[in-house]
Enquirer: 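Take a look at this one; I'll ask things after.
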Amino acid sequence: MSKQRGIHALYNEDPQQADQLVWQRETPLSRRGFLRGAGLSAMTAAVGASIPFAHLMPAGLIPAALAQSDRPFAIPGKGGLTILNDRPLNAETPAHLLDDRVTPASRLFVRNNGTPPALEPIVADEWRLEIAGESCLRPATLTVADLKARFKHHTLQLQLECGGNGRSEFYPAAKGNQWSTGAVGCPEWTGVRLRDVLEYVGIADDAVYVAYEGADAHISGDPEKQSISRGVPLSKALENESLLVWAMNGEPLPALHGFPLRMICAGWPASVSGKWLSKLLLRDRVHDGEKMLGQSYRVPCKPVAPGSEVPDEAMCIIESMPVKSLITYPKSGVTHDLGEPLPVRGHAWAGDLAVRRVFTSLDFGATWQDAQLEQAANRLAWQHWATDLRFPSEGYFEIWARAEDMAGRSQPLVLPGWNPRGYLNNACHRIAVQVRA
Ligand SMILES: Nc1nc2c(c(=O)[nH]1)N[C@H]1C(S)=C(S)[C@@H](COP(=O)(O)O)O[C@H]1N2
Ligand SMILES: [Mo]
């Protein structure tokens with residue numbers, strides 16, 4: 001794969017190809033026992049048998065059974081996703097598999113920081129959510145059944161995008177999952193408003209932040225540590241679209257997406273949307289949990305030169321995500337007849353804002369045509385766009401898409417502000433088309 005900096009590189013999306021298996025091999029071979037929870041069940045399904053010595057397998061080892069067959073490693077129920085890491089499990093969705101208007105569970109990316117809780121003993125309605133913190137007036141524990149019974153239900157389409165989506169293109173490279181374009185999706189969620197629950201327990205005047213803790217274990221197995229514990233300013237938590245949800249697309253939350261309860265604060269890095277939600281904290285300060293501090297989910301407050309070392313004090317917490325779009329049809333590499341118009345479509349989103357225009361270009365950005373853009377189903381859902389493109393001749397073309405938000409900000413053609421952890425790459429997406437006469 002030749003790497004083109006500046007716009008999302010064309011990548012091989014053929015699941016039959018071995019290079020589809022992008023494995024991180026930074027983990028030292030001496031680390032044992034990596035196949036746990038979802039990682040083990042996925043690997044077991046992939047090799048078609050249980051793995052008695054799983055606890056002895058070196059981290060990052062691709063089973064020979066897979067290396068020698070053309071059967072791609074897959075997470076059960078997530079066919080076609082690209083696995084970036086199995087411990088913790090991380091998988092992204094090739095752009096053409098994100099074509100659905102509402103993202104089905106089978107096509108939603110997975111981003112785990114730790115080991116998900118075992119599903120077996122969990123009865124959804126009995127799951128307990130503790131609500132506490134310095135600024136909580138009446139700390140309480142509510143079960144999922146209580147949430148369902150006491151508060152009004154809301155169903156919304158809300159988009160989630162990992163803050164590190166697009167990281168693979170930054171140069172100098174940033175450590176972390178090398179997401180290309182697929183750590184994004186927009187399912188429909190059902191639950192109650194976070195605001196209604198917070199008002200029920202009482203919000204003290206000095207409350208400034210709302211944070212979560214989840215029931216997943218830290219990857220080290222250390223019971224004292226959270227895998228991740230983040231949050232949002234009170235104002236974001238109180239928005240109509242900030243929800244505590246138990247259902248996705250009309251079904252109970254899938255195990256990998258936080259069963260039986262998760263938080264959704266759409267439009268911000270998806271790391272604020274806590275899965276396997278066990279605790280909510282009303283904080284009197286900016287939350288200081290795991291992955292809130294240091295360089296996590298932060299970018300330099302002022303732009304820096306690529307490769308710079310940035311001290312922690314000069315890093316600011318990421319809030320609303322930037323404007324972005326994807327081409328989800330056709331699949332990159334398609335062959336098309338010159339005489340026919342080519343229908344092209346995708347989605348666009350812009351953090352807390354709406355998208356006001358989407359453009360496409362066939363000539364490497366020299367000229368741009370307006371695409372038809374739909375309104376969002378509701379605030380913080382992605383918007384669908386479509387256009388029919390006619391090609392001037394046979395040959396190799398690229399379709400580039402570019403969205404612009406309500407504030408007039410556009411996606412860049414080149415890589416946006418380099419940052420040490422490789423967040424917020426919203427450069428234009430592009431696909432290849434071979435036009436034949
Ligand atoms: N408890 C818990 N919540 C979590 C995470 C996690 O590892 N544990 N990962 C976060 C991150 S970084 C992202 S991008 C989203 C991913 O959501 P998904 O796996 O449902 O797509 O969940 C967020 N919530
Ligand atoms: Mo993330």
Side-chain angles (χ1 to χ4, degrees), residues 113-114 127-154 156 158 160 163 189 191-216 218 223-246 258 260-298 301 312-313 315-321 351-352 379-380:
N113 288 268
W127 180 265
R128 292 156 72 84
L129 172 67
E130 186 188 338
I131 312 168
E134 307 89 357
S135 302
C136 178
L137 294 177
R138 293 176 296 280
T141 297
L142 295 175
T143 62
V144 168
D146 292 333
L147 293 174
K148 288 179 179 169
R150 285 190 206 179
F151 307 101
K152 185 166 181 249
H153 297 189
H154 297 270
L156 294 172
L158 297 167
L160 286 184
W189 311 90
V192 295
R193 279 195 179 133
L194 186 51
R195 183 177 69 222
D196 291 347
V197 177
L198 295 176
E199 284 173 352
Y200 172 82
V201 295
I203 306 167
D205 289 342
D206 62 357
V208 297
Y209 233 77
V210 177
Y212 72 81
E213 288 182 9
D216 46 332
H218 190 269
E224 300 297 310
K225 282 194 187 158
Q226 290 279 309
S227 73
I228 186 168
S229 171
R230 305 199 68 242
V232 291
L234 185 64
S235 56
K236 176 69 178 169
L238 296 182
E239 284 183 356
N240 286 344
E241 298 79 14
S242 294
L243 302 181
L244 300 181
V245 303
W246 54 77
L261 188 68
R262 86 177 290 176
M263 181 164 137
I264 300 282
C265 288
W268 288 37
S271 55
V272 301
S273 293
K275 305 194 277 191
W276 310 289
L277 191 68
S278 56
K279 207 186 243 188
L280 278 179
L281 296 165
L282 267 161
R283 304 290 323 256
D284 66 358
R285 65 201 74 182
V286 174
H287 184 54
D288 49 4
E290 187 65 28
K291 307 213 170 176
M292 279 301 301
L293 303 173
Q295 311 246 321
S296 295
Y297 301 102
R298 291 178 182 236
C301 304
D312 289 355
E313 318 80 75
M315 299 285 281
C316 285
I317 299 172
I318 299 168
E319 300 204 323
S320 176
M321 295 284 287
D352 279 339
R379 182 169 176 262
L380 307 186

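As the structure is a prediction and not an experimental result, all values here were calculated from the model.
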Enquirer: Could you give the distance from CD1 (Ile228) to CD (Gln226), rounded to the nearest 0.5 Å?
Expert: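 Going from the CD1 atom of Ile228 to the CD atom of Gln226 covers 10.0 Å.
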Enquirer: Let me see the working for Val201 and Leu280 under side chain to side chain contact (heavy atoms under 4.5 Å, CB included), right down to the final yes or no.
Expert: CA-CA 11 Å; Val201 295; Leu280 278 179; over 6 Å; no
Enquirer: If you look at every heavy atom in Ser271 and Tyr212, which pair is closest and at what distance?
Expert: O-OH, 2.7 Å
Enquirer: To check you understand the geometry: which heavy-atom pair defines the closest contact between Gly133 and Leu281, and what is its length?
Expert: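 For Gly133 versus Leu281, the nearest heavy atoms are N-CD2, 3.9 Å.
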Enquirer: Salt bridge or not for Glu239 and Arg379, using N-O below 4.0 Å?
Expert: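 Between Arg379 and Glu239 there is a salt bridge, with a charged N closer than 4.0 Å to a carboxylate O.
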Enquirer: Can you name the nearest heavy-atom pair linking Ser278 to Gly214, along with the distance?
Expert: OG-C, 3.5 Å
Enquirer: Write down the atom of Val192, the atom of Leu147, and the distance for their closest heavy-atom approach.
Expert: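 Here Val192 and Leu147 meet closest at CG1-O, 3.6 Å.
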Enquirer: Judged by atom type as modelled, is there a donor-acceptor pair below 3.5 Å linking the side chain of Ser242 to the main-chain atoms of Lys236?
Expert: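 Yes; judged by distance alone, with no hydrogens or angles, the pair exists.
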Enquirer: Flag the pair Val286 / Ile317 as yes when at least one side-chain heavy-atom distance between them is below 4.5 Å, and no otherwise.
Expert: yes
Enquirer: Donor-acceptor pair, Ser320 side chain versus Asp352 backbone, under 3.5 Å?
Expert: yes
Enquirer: Check whether more than 12 heavy atoms from other residues, nucleotides or ligands sit under 6.0 Å from atom CG of Asp205, and answer yes or no.
Expert: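 Check fails, neighbour count at 12 or below.
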Enquirer: Between Arg298 (side chain only) and Met292 (backbone N and O only), is there a donor and an acceptor less than 3.5 Å apart?
Expert: yes
Enquirer: Does Arg193 reach the main-chain N or O of His154 with its side chain, forming a donor-acceptor pair under 3.5 Å?
Expert: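 It does not hold such a pair.
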Enquirer: Could you walk me through whether Leu293 and Asp312 pass side chain to side chain contact (heavy atoms under 4.5 Å, CB included), step by step?
Expert: CA-CA 8 Å; Leu293 303 173; Asp312 289 355; over 6 Å; no
Enquirer: Grab the two heavy atoms, one from Val144 and one from Trp246, that are nearest each other, plus how far apart they are.
Expert: CG1-CB, 4.4 Å
Enquirer: With side chain to side chain contact (heavy atoms under 4.5 Å, CB included) as the test, pick out the partner of Leu142 among Lys148, Arg150, Arg128.
Expert: Arg150
Enquirer: Can you check whether Lys275's main-chain N or O pairs, donor with acceptor, with Arg262's side chain at less than 3.5 Å?
Expert: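 Absent.
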Enquirer: Donor-acceptor pair, distance only, cut-off 3.5 Å: does the side chain of Trp189 make one with the backbone of Leu158?
Expert: yes
Enquirer: Run the side chain to side chain donor-acceptor pair (under 3.5 Å) check on Ser135 and Asp284 step by step: do they pass?
Expert: CA-CA 6 Å; Ser135 302; Asp284 66 358; 4.9 Å; no
Enquirer: Test your reading of the model: is there a side-chain donor-acceptor pair from His287 to the backbone of Tyr209, 3.5 Å cut-off?
Expert: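 Absent.
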Enquirer: Nearest heavy-atom pair of Trp268 and Val232: which atoms, and what distance?
Expert: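 So the two residues come closest at CE3-CG1, 3.9 Å.
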Enquirer: Rounded to the nearest 0.5 Å, what separates atom CG in Asp216 from atom CG in Asn113?
Expert: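 Answer rounded to 0.5 Å: 7.5 Å.
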Enquirer: Measure the CD-CZ distance between Glu134 and Arg285 for me, rounded to the nearest 0.5 Å.
Expert: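 Spacing of CD (Glu134) from CZ (Arg285) equals 4.5 Å.
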Enquirer: Are the side chain of Arg230 and the backbone of Gly274 linked by a donor-acceptor contact shorter than 3.5 Å?
Expert: no
Enquirer: CG of Leu194 to CG of Leu243: how many Å apart, nearest 0.5 Å?
Expert: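 The CG atom of Leu194 sits 8.0 Å away from the CG atom of Leu243.
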Enquirer: Can you measure from SG (Cys301) to CE (Met315) and round to the nearest 0.5 angstrom?
Expert: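 Output value for this atom pair is 8.0 Å.
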Enquirer: For side chain to side chain contact (heavy atoms under 4.5 Å, CB included), just list the numbers for Leu156 and Ile264, CA-CA rounded to whole Å, side-chain angles, deciding distance to a tenth of an Å, and then say yes or no.
Expert: CA-CA 10 Å; Leu156 294 172; Ile264 300 282; over 6 Å; no
Enquirer: Does Thr143 use its side chain to pair, donor to acceptor, with the backbone of Trp127 at less than 3.5 Å?
Expert: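 A pair under 3.5 Å: no.
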Enquirer: With rounding to the nearest 0.5 angstrom, report the CG to CG distance, Leu234 to Leu282.
Expert: 7.0 Å
